[in-house]
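Step one of this worksheet: look at the structure below.
All ligand and atom numbering here is 1-based and tracks the order in the structure. This chain uses plain numbering: 1 for the first residue, then up along the sequence. Just so it is clear, the values below take in all heavy atoms, side chains as well, and ignore hydrogens, waters and symmetry mates.
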Amino acid sequence: MLNVPVALATEQSDLIDNIDALIEEHGGGRDALIPVLQDLRKKRHDISDLAMQVIADRLGLSPVEVQGVATFYSFLQVGETGQHTIRVCRTLSCSFAGATSIAKKLEAELGISMGETTADGQVTLEWANCIGMCDQAPALLADQAAVGSLTAARVGEIVANLKASKA
Ligand code: FES
């Protein structure tokens, strides 16, 4: 039997408890991936390999998928953005499923181009890489919320809901 030092075993058990609590809070679906990663980083200031494995296991994803999303999104919290941010996934599945037309509709709705912020500072529009919602492509992130199965008709409602919410 593997001999795990007590302090390490306690640390691992704390980590698993933290993850389980976040999954309880955000739900056990794919769309919980980014909120769970963000909150875990806030809480522990790190996303370890073990954390990614546990999250993958709990959400029914592959560890590689979780690692890809975690690595990419750790770079997102830089630069000045509006009060809210909409990030449209442009990775393969979403690209084939019409991400560009969703982006165009958002640009028209907000009166800005991708990479820009509205003049009132409310919303920034950006491209993103895969957010783990490939089975519901096209998908986007409205602040921390992942929204899948997008249609152009839903864009207005998504923007209105986002503006009405707190950042
Ligand atoms: S390719 Fe868009 S969510 Fe994965």
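- For ligand 1 and S93, the ligand atoms under 4.0 Å from any heavy atom of the residue are 1 (S).
- The main-chain N or O of S165 is found under 3.5 Å from a side-chain atom of H84 such that the two form a donor-acceptor pair.
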Step by step, work out the side-chain contact (heavy atoms from CB on, under 4.5 Å) result for L50 and E11. CA-CA 11 Å; L50 176 64; E11 169 65 20; over 6 Å; no
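- Atom numbering of ligand 1 starts at 1 in the shown order; those under 4.0 Å from a heavy atom of T91 are 1 (S).
- Of the possible donor and acceptor atoms, one in the side chain of E107 sits under 3.5 Å from a partner among the backbone N and O of M114.
- The nearest N, O or S atom of C89 is closer to atom 2 (Fe) of ligand 1 than 2.8 Å.
- Close contacts of ligand 1 with I131, meaning ligand atoms under 4.0 Å from a residue heavy atom, involve 3 (S).
- A donor-acceptor pair under 3.5 Å is absent between the side-chain atoms of Q38 and the main chain of P35, judged by distance alone.
- Metal site remark for atom 2 (Fe) of ligand 1: C94 contributes an N, O or S atom at a distance under 2.8 Å.
- A 4.5 Å side-chain heavy-atom check between K163 and V123 finds at least one atom pair inside the cut-off.
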